[in-house]
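Written below as structure tokens is the structure these notes are about.
In the text below, chain A, chain B and the rest are named by the order of the sequence lines, each starting its count at 1. When reading the values below, keep in mind they use all heavy atoms of this one structure, side chains included, and skip hydrogens, waters and symmetry mates.
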Protein chains: 2
Amino acid sequence: MARAGLTVERVTIAGAALADEVGLDRVTMSQVARRLGVKDASLYTHVRSLEDLRGRIALLAADEKTIRIAEATAGRSGKDALVAFANAWREYAHQHPGRYMATQTPLQIDPELAAQAPGPRRAVELTYGMLRGYGLAEPDLTDAVRLLRSTFHGFVALEAAGGFAHERSPQHSWVRALDALHALLENWPPLQEGDS
Amino acid sequence: MARAGLTVERVTIAGAALADEVGLDRVTMSQVARRLGVKDASLYTHVRSLEDLRGRIALLAADEKTIRIAEATAGRSGKDALVAFANAWREYAHQHPGRYMATQTPLQIDPELAAQAPGPRRAVELTYGMLRGYGLAEPDLTDAVRLLRSTFHGFVALEAAGGFAHERSPQHSWVRALDALHALLENWPPLQEGDS
DNA sequence: CTCGCATCCTAGAGGCTCTAGGTATAAGCT
DNA sequence: AGCTTATACCTAGAGCCTCTAGGATGCGAG
């Protein structure tokens, strides 16, 4: 029989596509194998386990998201950069819900594999670069980065979980949240007493 | 044989406990049944499916979290209330990681069941009550509520996923994030041009 | 005491993950 | 071209999972 020409990458991409279509927790070895026209046992040549596959999907998503953000923020600064960064993040989550959800799992991934992924380091650089214009210094810079990441992630996660079901459109709240974060970054509060 | 005296509530609580101990995606009908000293088929008298059980765990968690927040914020206002609210949220997520993760799933729950749960409405009231002191009016109030929820949820979700692995302690960033949100609420930006 | 019913059981179909071991194809060597 | 070797893919199967169907039994109501 003709070989299917599988690789780790093709298996991961098939899994990621399936995750976006039917939801991450419906991604099974059997389904991925079926989609690739192969028996499920064959996948274990390329991927250690289902958990390994999910980890690889998460890494793929992180890389893709970082690339989108890099493209969106290139040549921008200040509020322009903030808005482009945030919108690229949110749009990636909307377009690839299954992939995005994979990034939320406490990934039990092979540390060696994670280390060779370009995503994380690049993402950190991008975020710090975006904040350059606001004139923050460490440790405020780290705190601001974490606040932004929390808000972006939290917003799209709640959106995906149906947390904003009612009344006002999420889009309006999103735009206003970006206004608010921009204002906050321009006027970052000094250390309070009791902050330890 | 003696009856086990199961109820929907006991099954849900057993599932929730299991989720906290071994992780939400290791919660299976079989494991829950084993823990209750019962055959797995017996659970289907009380719970429609595994997905149904997960939805009930999510609802339980939402209610419990709301109660904790209510207790923590009672009699407080201003920044005190904000900090108490946020800390209660985060502590609940830390103490009950499995339950908390259940609340993140796009819950396909029986709408009738969801409607009778006191959590959501109560949670909304609490959040608006906490913001009363900041003098915001609609629609800014809704936007502010969503921003706060996004940030709180995003922070603990990233924390749980190992997103803050390095350098500075998450606790410091958390305290500073609350400082920042307080400052932001006291100085909520007016509508910008281009906000549509 | 007995009737009715909800609760718990056994049995089993079908899907899933993953391992062990076999077959055959593509690539490399002469 | 023929031969060899590595490996991509296969079959078979163990074991766990969800969920349904139908039977038995303990408990409350009369």
Just the rounded figure in Å: distance from P of dA26(C) to CG of Leu6(A). 14 Å
Quick one: Asp40(A) CG to dG14(C) C1', roughly how many Å, whole number? 14 Å
Does the pair Glu91(A)/Arg68(A) count as a salt bridge with the N-to-O cut at 4.0 Å? no
Thr45(A) side chain, from C-beta outward: closest of dC19(D), dA8(D), dT17(C): dA8(D)
Paired with Tyr100(B), the side-chain hydrogen bond (donor to acceptor under 3.5 Å, both in side chains) test is passed by just one of His153(B), Glu64(B), Lys65(B), namely His153(B)
Tell me the interatomic distance from Arg10(A), atom CZ, to dC9(D), atom C1', rounded to whole angstroms. 14 Å
For dC16(D) and Gln31(B) - does any side-chain N or O of the residue sit under 4.0 Å from the phosphate oxygens OP1/OP2? no
Check whether any side-chain N or O of Thr28(A) sits under 4.0 Å from OP1 or OP2 of dG15(C), and answer yes or no. no
Does OP1 or OP2 of dC16(D) have a side-chain N or O of Arg26(B) closer than 4.0 Å? no
Please tell me which of the listed nucleotides, dC10(D), dT18(D), dT17(C), lies nearest to the side chain of Leu50(A)? dT17(C)
Side chain of Ser49(A) only, heavy atoms from C-beta on: which candidate in dC18(C), dC8(C), dT11(D) is closest? dC18(C)
Atom OH of Tyr44(B) and atom C1' of dA21(D): how far apart are they, to the nearest Å? 14 Å
Whole angstrom is fine here: how far is it from CG in Leu43(A) over to P in dT11(D)? 14 Å
dC17(D) P sits how many Å from Lys39(B) NZ, rounded? 12 Å
Distance test, side-chain N/O of Ser30(A) to OP1/OP2 of dT17(C), below 4.0 Å: yes
Under 4.0 Å from OP1 or OP2 of dA8(D): is there any side-chain N or O of Ser42(A) that close? no
Between dC16(C) (C1') and Met29(B) (CE): distance, integer Å: 16 Å
What's the CG-C1' distance between Asp25(B) and dC17(D), to the nearest Å? 14 Å
Nearest to side-chain heavy atoms of Ala41(B), which nucleotide of dT17(C), dC17(D), dA21(D): dA21(D)
Hey, are Arg146(A) and Asp143(A) close enough for a salt bridge, meaning a charged N less than 4.0 Å from a carboxylate O? no
Select one nucleotide: of dC9(C), dC17(D), dT11(D), the one nearest the side-chain heavy atoms of Arg34(B). dC17(D)
Report yes if some heavy atom in the side chain of Thr127(B) is under 4.5 Å from a heavy atom in the side chain of Phe152(B); otherwise report no. no
OP1, OP2 of dA6(C) versus side-chain N and O of His46(B): anything below 4.0 Å? no
Taking the basic N atoms (NZ, or NE/NH1/NH2) and the acidic carboxylate oxygens, is any pair closer than 4.0 Å for Asp63(B) and Arg122(B)? no
